[in-house]
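Each remark here refers to the structure printed beneath this line.
Quick caveat, the model's predicted, so the values are computed rather than measured. Proteins get letters first, then strands, A, B, ... in listed order; numbering begins at 1 in each. Atoms considered below: every heavy atom in the structure, side chains included; atoms not considered: hydrogens, waters and symmetry mates.
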Amino acid sequence: MTIHDIIRTEIFRCLESYGLFEEDVKVDLEKPRDPSHGDLSTNIAMATAKRLDRKPRELAGELAAKLDFDHDVIESVEIAGPGFINFRFAPAYQVDLLLDLWSDEGAILDMNTGRGRRINVEFISANPTGPLNVVSARAGAFGATLVRLLDAVGYDAHAEYYVNDAGRQVMLLGKSLRARTMEMLGHPADFPEDGYKGRYIHMMAEELIGLSSRAIQEQAEVFNDESFQRLTAPDGNADAWVALPEDESSRRFSKYALMKILTWQRQTCRRFGLRFDTWYFESELHETKRVERAHERLRKSESVYEQDDATWFRSTDYGDEKDRVIVRSDGTPTYFLADVAYHYHKFQRGFERAIDFLGPDHHGHIPRMRGAMIALGVPEDWLEVQILQQVNFVENGRPVDMSKREGQFVTMDALCDDVGADVAKYIFLTRKPNSHLDFDLDLAREQSNENPVYYVKYAHARICSVLRKADEADWKNVTPSTAPLARLEAAPERALIRELIRLPEVITGAAVAREPHRLTTYAQDVSGLFHQFYHQCVILGEDRDTTEARLQLCLLTRKVLRRVLDLIGIDAPEAMGEKE
RNA sequence: GCGCCUGUAGCUCAGUUGGAUAGAGCACCGGACUUCUAAUCCGGCGGUCGCAGGUUCGAAUCCUGCCAGGCGCGCCA
């Protein structure tokens, strides 16, 4: 029985004498933001006053007098403000919570909301037509942290990256590379209209020209280790491809470009600390006939019709603005149909839920995709879409153009070079998913020493330092335990403890609400309270009992910070390096 | 025109899902290093929560209407 249950039960017992029962009223318990208002608070008196024709504050006083609790759990019950009833936990109860935190078993017990259910989280899924940009970086920070959060609360979360390797964009990429290569080889070549003009195409062409067909095959060998087996290098080399008929030539260049770009993208991801359980290739959907089968299954749902030689899905039945083509009049399937097949396969793979992180330019896809899933017989709430709003980067006081085609954009690698992966991840996770964010690159660079992330890292390093000093002073094998922790009564100590025991609630809340940014807010709060505690309370002091208790508090704080930084995906340093 | 998102301190953003006196960081002003690391701490300055109504004991939070900004409305992906 949690403390919430204990309090609720007791409130309901008292309410019976007013003729109110559990089915009549909802008892909300919440944590007051002001610590002087206690640890939990209820508005029950205000919520029922009207119905009982009473004054809220008077009713609160009456109820408070009737409530009877074990003093080892609830220390006091007070009324305040317009009619709040505030509960203050007994120190012994808080110590129990702290010790739960120390033993992983206890903490996990509280976090068992996932019950092992499989959940698929798809993020980034950038077109393989250029280096990953900062929008992908934001998605990476969110997606990876959400996966860790879901795992932390007992889900079996799966990180997935969808590779659109079958579309026209990849062909266009190949044609762009072909044109650049031919240019460099002194052949006249028309650069495709809307082709990719980025510098990376030049770099790729330059590198390619010197390569033998054997060297190209060797480049593909790096894929043997992971889930990239689908990728193979094209036969031959640049000289040979240029001599081929245009179609076949473009195909070879596309294949090569795809291989190179995915290699880059994966490297960038690794550098950013991102790991994917699956890289799912669109081409596989076509080869395995899943696209066709999805088509047929949709057809059976009777929400498909023919018009103007094309096949349409009646997505307006599901709230879409207009119906969508799934097979073009030339007989080829649309991207949408492949995407439907992909998501349906996700469902078939046994995930009880799928979360997609999408950019704001894709929000229009939600109704049609949801509709298609429902038409295929997938539960309505199976697909969950999180829209990550655009990142607007500002450099030299000007917005940075993000178009890949024009080749002017901030890459994820450049971001790592500038501010470091840790700082970038942390900053992305200080914003909630649907906030539009302006990221001033110049400021991020300049401020890298004044950045909030260092505040948190420093708190951790500071604890490590104190603990090293303690070790030298012969405090070995300190472990949190009941009696010393119960001695912590100074205000800064109580405030820190109060915050630490929120950990399970913060993790659960962040996971359930899909709001990883709550972690950075929490890390900031814990760090701040630790810094205050550090300044106001001498840890390694004269009194051995006090020292022991405070060292235990340090250990607990460090554990909490580590856990949170781990979830955010950044390093918890033992010591801070020299300031630049 | 329709749809989605956003509007909170000079700037960048939080605000525990409707609670009590709206909070951080940066910037600015003033203090604290002979000390367990000052990448820290303490104090100050700074607000018609875009505007106007509504819902109720109570609204930054919910509903409606405006205003402003971003994005989307292809047999592209």
What I want to find out is whether A/Asp320 reaches A/Arg368 closely enough, with some N-O distance under 4.0 Å, to be called a salt bridge. yes
Is A/Lys346 salt-bridged to A/Glu160, cutoff N-O under 4.0 Å? no
Set out, line by line, the N/O atom pairs under 3.5 Å between protein and nucleotides 5-7 of chain B.
| from | atom 1 | to | atom 2 | distance (Å) |
| --- | --- | --- | --- | --- |
| B/C5 | O2' | A/Gln389 | NE2 | 3.2 |
| B/C5 | O2' | A/Asn434 | O | 3.2 |
| B/C5 | O2' | A/His436 | NE2 | 3.2 |
| B/C5 | O2 | A/His436 | NE2 | 2.9 |
| B/U6 | OP1 | A/Asn434 | ND2 | 3.3 |
| B/U6 | O4' | A/His436 | NE2 | 3.4 |

Mind checking ring-ring contact (aromatic ring centres under 6.0 Å, His included) for A/Phe313 and listing every partner two or more places apart, or none if nothing turns up? A/Tyr318
Using the P atom as the reference point in each nucleotide, state the distance between B/C67 and B/A52 in Å, no decimals. 15 Å
Examine distances only and state if a side-chain atom of A/Thr508 and a backbone atom of A/Glu505 form a donor-acceptor pair shorter than 3.5 Å. no
Would you write the dot-bracket representation of RNA chain B, where each base gets (, ), [, ], | or . depending on whether it forms a Watson-Crick or G-U pair under 3.5 Å and with which partner? (((((((..((((.....[...)))).(((((.......))))).....(((((..]....))))))))))))....
Partner residues of A/Arg487 under the side-chain hydrogen bond (donor to acceptor under 3.5 Å, both in side chains) criterion, sequence neighbours left out: A/Glu548
Listed pairs, N/O of protein and of nucleotides 19-23 of chain B, under 3.5 Å:
| from | atom 1 | to | atom 2 | distance (Å) |
| --- | --- | --- | --- | --- |
| B/G19 | OP2 | A/Glu30 | OE1 | 3.4 |
| B/G19 | N7 | A/Asn43 | ND2 | 3.4 |
| B/G19 | O6 | A/Asn43 | ND2 | 2.7 |
| B/A20 | N6 | A/Ser41 | OG | 2.8 |
| B/A20 | N6 | A/Asn86 | OD1 | 2.8 |
| B/A20 | N1 | A/Asn86 | OD1 | 3.4 |
| B/A20 | N1 | A/Asn86 | ND2 | 3.1 |

Under the 3.5 angstrom rule, does the side chain of A/Ser329 hit a backbone N or O of A/Asp309 as a donor-acceptor pair? no
Among residues 520-539 of chain A, which residues get a heavy atom nearer than 4.0 Å to RNA chain B? A/Thr521, A/His531, A/Gln532, A/Tyr534, A/His535, A/Cys537, A/Val538, A/Ile539
Close side-chain approach of A/Ile326 to A/Val340, heavy-atom, < 4.5 Å: no
C1' atom, B/A60 versus B/C76: distance in rounded Å? 41 Å
Between A/Arg299 and A/Glu306, does at least one N-O distance fall below 4.0 Å, as a salt bridge requires? yes
